[in-house]
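First up is the structure itself, then whatever we jot down about it.
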2 protein chains.
Amino acid sequence: MNSRPSQNSGNRTSEEGRDNVTRLSEKREKILEGALRVFLAQGYSASMDAIAAEAGVAKQTVYSHFKDKNSLFAALIDRLLDHFVSAGLTAELLALDARSFVRKIAQITLSRMDDWEYVSLLRLIIGESGRFPELSELYVAHMVKPGIEKLAAYLRANEQVRFSDPEATARVIHGALINFVILQEVMHGKHAMPMSRERLINSIVDMVLFAGEQGKQSS
Amino acid sequence: MNSRPSQNSGNRTSEEGRDNVTRLSEKREKILEGALRVFLAQGYSASMDAIAAEAGVAKQTVYSHFKDKNSLFAALIDRLLDHFVSAGLTAELLALDARSFVRKIAQITLSRMDDWEYVSLLRLIIGESGRFPELSELYVAHMVKPGIEKLAAYLRANEQVRFSDPEATARVIHGALINFVILQEVMHGKHAMPMSRERLINSIVDMVLFAGEQGKQSS
DNA sequence: TGCGTGCTAGACTGGTAAGTATGATTGATT
DNA sequence: AATCAATCATACTTACCAGTCTAGCACGCA
């Protein structure tokens, strides 16, 4: 179990002639990558020995870059949240008509179902939201809130649809999408209750467009 | 930390004259109740000593009723799933008109936000869905699938609405509701992005009714 | 050449936890 | 009164783990 030979046997093989700063961040990078794999696979209970081994680095090196397990974990989640912050929702999307816009948003959101890292991160953040409420609040503040707000802003601004409460409507759309990811992938529901993404997307698009249309006619 | 005096000091106080079977299940019950509080509060990493102490029972007694920690955990989750299996969705609800029906379903689902046990169970099952995939599959099979199927059956049968894909529509509704619980309570999002249940419910009801109406007119 | 820095492997400390073992107590049964 | 089964408190074994410590190695710099 811990008989990992660890390729680099204590010496710096000649091919690394970079400056200090670069080397420093290289180790830090390796540690974060190892921590990513181990934490996402095993949860917070993963051992620091396992992380050091996975990173191909001495345990002491981990502690020279991160104060303790908590700090490493928090730094990793921070990093992951940065990485996943929806770069989507910008510029060209906003120019789309309502039908294409909603469909595109849905496709982008659901495409993350294929990303093991994203699915594991979701599970980890929800699972540790008792022990680390700050981290789940970070997730909400950095990934959920901006996404819903942009979606709501689009719904409010677009001429083709009108909702009495665009904020709440945005939540319905977002919730339907994210919960699909949680049900199918995080909770392994795809075997017991399979459903194609297209069917979900079509339903969402229909509901939004029909309801948005209706909103225009009344009031 | 473990200086808990444990009221009952090794003797059965006279007021319990029940038969063996009753006493047996009484202990088992106490253990499960202690395990419930401790597991839901601390997650699977809770210690067996803590559980025994919380249950007011000797550790050995725990092991005489449950093979090991895994079995106790699984038995507890089973029990909790049974307890939460939506007794709703029966009889009188089905007789309601579409608007009242959807609203009622939504209110029932969201009312669980106030239930600490339900919120903690959700967090626990999702968090441990990596380590215990069977349990999350149990959750899906026992709580999610029946609920969505009943909802879909209603949508399919009701005359007032028509959807091209009632199954998918049911998922949208369910996802919007459950994700609201997860966001607001499990992930502590209610401070960063507050929203009243009524607003969400109104949006869902509007979307469902407008879209269901539209489905009738076309096709 | 010699020093400092960042790293390495590995041992160690102190604490916690799962599961087992022991021996006593108690109430029910015979 | 003797026995049995369930329970109790406590201590033990084994294992893991966070975090520290040691001693040595390799590279860069002066």
Side-chain angles (χ1 to χ4, degrees), chain A residues 1-31 34-35 38-39 42-76 131, chain B residues 1-31 34-35 38-39 42-74 131:
Chain A
M1 213 40 121
N2 60 6
S3 62
R4 203 171 174 285
S6 178
Q7 316 305 50
N8 47 356
S9 43
N11 35 27
R12 190 161 299 113
T13 47
S14 54
E15 102 289 354
E16 334 184 22
R18 269 63 61 84
D19 54 307
N20 277 342
V21 186
T22 309
R23 266 215 320 282
L24 250 157
S25 30
E26 270 171 19
K27 288 294 174 189
R28 202 188 151 89
E29 199 57 26
K30 280 180 74 178
I31 294 168
V38 177
F39 273 137
Q42 307 182 23
Y44 183 74
S45 66
S47 82
M48 293 296 269
D49 290 278
I51 291 167
E54 180 69 29
V57 135
K59 187 154 74 151
Q60 193 53 242
T61 308
V62 177
Y63 280 98
S64 75
H65 285 276
F66 300 94
K67 178 175 156 290
D68 55 18
K69 194 181 181 180
N70 263 341
S71 311
L72 173 57
F73 186 69
L76 175 68
R131 217 185 320 227
Chain B
M1 209 43 120
N2 58 4
S3 63
R4 203 172 174 284
S6 178
Q7 316 305 52
N8 47 357
S9 42
N11 36 28
R12 193 161 295 111
T13 46
S14 55
E15 103 286 355
E16 332 184 24
R18 270 64 62 84
D19 55 307
N20 277 343
V21 186
T22 309
R23 266 216 321 281
L24 249 158
S25 30
E26 269 172 22
K27 287 293 173 188
R28 203 187 150 89
E29 199 55 26
K30 280 181 74 177
I31 294 167
V38 177
F39 272 138
Q42 307 183 23
Y44 183 75
S45 65
S47 84
M48 293 296 270
D49 290 278
I51 290 167
E54 179 70 28
V57 135
K59 185 155 78 153
Q60 195 54 243
T61 307
V62 177
Y63 280 98
S64 76
H65 285 277
F66 301 94
K67 180 175 153 288
D68 55 17
K69 193 180 180 181
N70 263 342
S71 310
L72 173 57
F73 186 69
R131 218 186 319 228

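Lettering of chains follows the sequences in order, A, B, ..., and the numbering in each one begins at 1.
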Query raised in the report: Would you call the rings of A:Y44 and A:F39 parallel, tilted or perpendicular if under 30° counts as parallel and over 60° as perpendicular?
Result: parallel
Report task. Search all heavy atoms of B:I31 against all heavy atoms of B:V62 and return the closest pair with its distance. Result -> CD1-CA, 3.8 Å
Report summary line: Heavy-atom contacts, protein to nucleotides 12-21 of chain C, under 4.0 Å, summarised as B (base), S (sugar-phosphate only) or - (none) per nt, yield -----SBBBB
Report task. Check whether any side-chain heavy atom of B:S45 sits under 4.5 Å from a side-chain heavy atom of A:R131, and report yes or no. Result -> yes
Query raised in the report: Rounded to whole angstroms, how far apart are NE2 on A:H65 and P on C:dT5?
Result: 15 Å
Query - Separation between CG of A:L72 and NZ of A:K69, rounded to the nearest 0.5 Å - result: 9.5 Å
Report task. Please state how far atom CD in A:E26 lies from atom P in D:dC27, giving the value in whole angstrom units. Result -> 14 Å
Requested in this report: Indicate yes or no: at least one non-hydrogen side-chain atom of B:I51 is less than 4.5 angstrom from one of B:E54.
Outcome: no
Query raised in the report: Which part of the nucleic acid does B:T61 contact within heavy-atom distance under 4.0 Å: base, sugar-phosphate only, or nothing?
Result: sugar-phosphate
Query - Whole angstrom value for the distance that separates C1' of D:dA18 from CZ of A:F66 - result: 16 Å
Report task. Rounded to the nearest angstrom, tell me the gap between atom NZ in A:K30 and atom P in C:dG6. Result -> 17 Å
Query - side-chain hydrogen bond (donor to acceptor under 3.5 Å, both in side chains) involving B:S47 - partner list, sequence neighbours excluded - result: none
